[in-house]
Protein chains: 2
Amino acid sequence: MDNLKNKIREVQDWPKKGINFKDITTLLQDKDTFKKIVDSLAEFFKDEKIDKVVGIDARGFLIASPLAYKLNAGLVIVRKPGKLPFSTIQQEYTLEYGKDVLQMHTDAISRGEKVILIDDLIATGGTAMATCNLIEKLGGKVAGVGCIIDLPFLSGSKKLKDKGYEVKSLISYDSE
Amino acid sequence: MDNLKNKIREVQDWPKKGINFKDITTLLQDKDTFKKIVDSLAEFFKDEKIDKVVGIDARGFLIASPLAYKLNAGLVIVRKPGKLPFSTIQQEYTLEYGKDVLQMHTDAISRGEKVILIDDLIATGGTAMATCNLIEKLGGKVAGVGCIIDLPFLSGSKKLKDKGYEVKSLISYDSE
């Protein structure tokens, strides 16, 4: 799906110097491209009888939600502390400098459910790995991780695969 | 759709004392209810040939995105300052105490496009009104505002209707 790359806007030095940001808003606002993205990700998982699709705040919501709709699955959200109103479980993960925490409602997933995690982009894989841990803490089975963009040179997708998770992406960049 | 109300979790005194928070995560994670919400909102606008669906960060993304997919429209996002990487327009709006700002990419909407705004809940209508202004600044025509929950006692939907916007909601609460 390399023609999708032409639809992605690259923004130099954002959010900080040296980063060539992949802006997916140009994909989303083009109706045919948006539909193609959702349908292509759904195709990977359509025969798996997925119970829940998990999206990570906030860009992940944009992709996880229509995928849950398309796969006729429930939608679960993962957010930073203080954003979910009911009782939560949480998972710490490491950032380039320091740590952060993600939370999920305790009733979001039932034991034995088949769950996929969908995000816009996988870089170092920290949030994706933390989210897989949250899913498993509640007894869910991670049936796969899907994203629009994989940045394999940052090793996130490799780390996920090494843990046994299937990773599906639509576009991959070989370098920054 | 009053049976939807039974699926909403009410959380007392969250995020602060005196607020009876309407938690929609229980709707989203039930696949049949989630599908019904998206289909019911889409029904309001299906004959309008909508070009773009606008969602407000972050819970609004959860509803706007599958609606854009279902209506075969483009998806546009509105976020707080510092979150959108490309050039933006912005709109200030008033909060209970103080002010806040919402931004939209300058290329998100083209002149003459038919646009709907979708959010999870309309309370005082501040963010919805600011978003309608952003859509119109770019030359878009606001074909309607859709939400899951309307809180008419906070007057947001009335203010929007007084400005000539059509407002569609699935559930309404008469009081806190």
Side-chain angles (χ1 to χ4, degrees), chain A residues 9-15 19 21-35 37-39 42 50-77 79-80 82-87 104-105 107-110 113, chain B residues 9-15 19 21-35 37-39 42 50-77 79-80 82-87 104-105 107-110 113:
Chain A
R9 175 162 47 208
E10 302 200 19
V11 182
Q12 303 295 330
D13 297 321
W14 197 91
I19 294 187
F21 187 77
K22 310 293 182 283
D23 177 17
I24 61 161
T25 65
T26 41
L27 295 182
L28 304 174
Q29 68 202 31
D30 177 327
K31 67 178 182 178
D32 296 326
T33 309
F34 177 52
K35 185 169 162 42
I37 287 168
V38 176
D39 290 345
I50 300 303
D51 295 301
K52 297 275 170 68
V53 177
V54 178
I56 303 174
D57 194 347
R59 277 192 300 268
F61 291 179
L62 299 165
I63 317 301
S65 184
L67 212 67
Y69 179 79
K70 172 86 177 179
L71 293 171
N72 196 24
L75 174 64
V76 167
I77 59 176
R79 306 195 74 177
K80 295 282 172 64
K83 295 284 191 178
L84 290 171
F86 187 61
S87 72
M104 183 185 278
H105 273 155
D107 67 347
I109 289 166
S110 302
E113 283 187 324
Chain B
R9 174 162 47 207
E10 301 200 19
V11 181
Q12 302 296 329
D13 296 321
W14 196 91
I19 293 186
F21 186 76
K22 310 295 183 282
D23 177 16
I24 61 162
T25 64
T26 41
L27 294 183
L28 304 174
Q29 68 202 31
D30 177 327
K31 67 178 181 176
D32 296 326
T33 309
F34 178 52
K35 182 168 165 40
I37 288 168
V38 176
D39 289 345
I50 300 303
D51 295 300
K52 297 274 170 68
V53 177
V54 178
I56 303 174
D57 194 348
R59 276 191 300 268
F61 290 179
L62 300 165
I63 317 301
S65 184
L67 212 67
Y69 179 79
K70 172 86 177 178
L71 293 171
N72 196 23
L75 174 65
V76 167
I77 60 177
R79 306 195 74 176
K80 296 282 172 65
K83 295 282 190 179
L84 290 171
F86 187 62
S87 73
M104 183 185 278
H105 273 155
D107 67 347
I109 289 167
S110 302
E113 284 188 325

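The structure presented is a predicted model; accordingly, all values stated were derived computationally and were not measured.
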Name the member of Thr25(A), Asp30(A), Val11(A), Asp107(A) that forms the most heavy-atom pairs with chain B at distances under 4.5 Å.
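Looking at each option in turn, the highest pair count goes to Asp107(A).
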Contact winner vs chain B - Pro66(A), Pro85(A), Gly82(A), heavy-atom pairs under 4.5 Å
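Result: the option with the highest number of such pairs is Pro85(A).
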Any Asp23(A) side-chain heavy atom under 4.5 Å of Phe86(B) side chain
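When only atoms from C-beta onward are counted, Phe86(B) and Asp23(A) do touch, with a gap below 4.5 Å.
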Taking the side chain as every heavy atom from C-beta outward, state whether His105(B) and Thr26(A) have any atom pair closer than 4.5 Å.
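In short, these two side chains do not touch, never coming nearer than 4.5 Å.
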Value rounded to 0.5 Å, distance of NZ in Lys31(A) from CG in Leu71(B):
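Output value for this atom pair is 11.0 Å.
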Gln29(B) CD to Ile109(A) CD1 distance, which is reported to the nearest 0.5 Å:
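If we round to the nearest 0.5 Å, Gln29(B):CD and Ile109(A):CD1 are 8.5 Å apart.
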For Asp39(B), which residues count as a side-chain contact (heavy atoms from CB on, under 4.5 Å) partner, sequence neighbours excluded?
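Asp39(B): side-chain contact (heavy atoms from CB on, under 4.5 Å) contacts with Tyr69(A), Lys35(B), Lys70(B).
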Does any pair with a residue in residues 55-64 of chain B pass side chain to side chain donor-acceptor pair (under 3.5 Å), and if so which ones, sequence neighbours excluded?
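Checked against side chain to side chain donor-acceptor pair (under 3.5 Å) - neighbours excluded - the pairs reaching residues 55-64 of chain B are Asp57(B)-Arg79(B), Arg59(B)-Asp120(B).
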At a heavy-atom distance under 4.5 Å, which candidate from Ile77(B), Asn72(B), Asp32(B) has the highest pair count against chain A?
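Of the options given, most contacts go to Asn72(B).
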If I compare all heavy atoms of Ala73(A) with all of Phe34(B), which pair ends up nearest, and what's the gap?
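Closest heavy-atom pair between Ala73(A) and Phe34(B): O-CD2, 3.9 Å.
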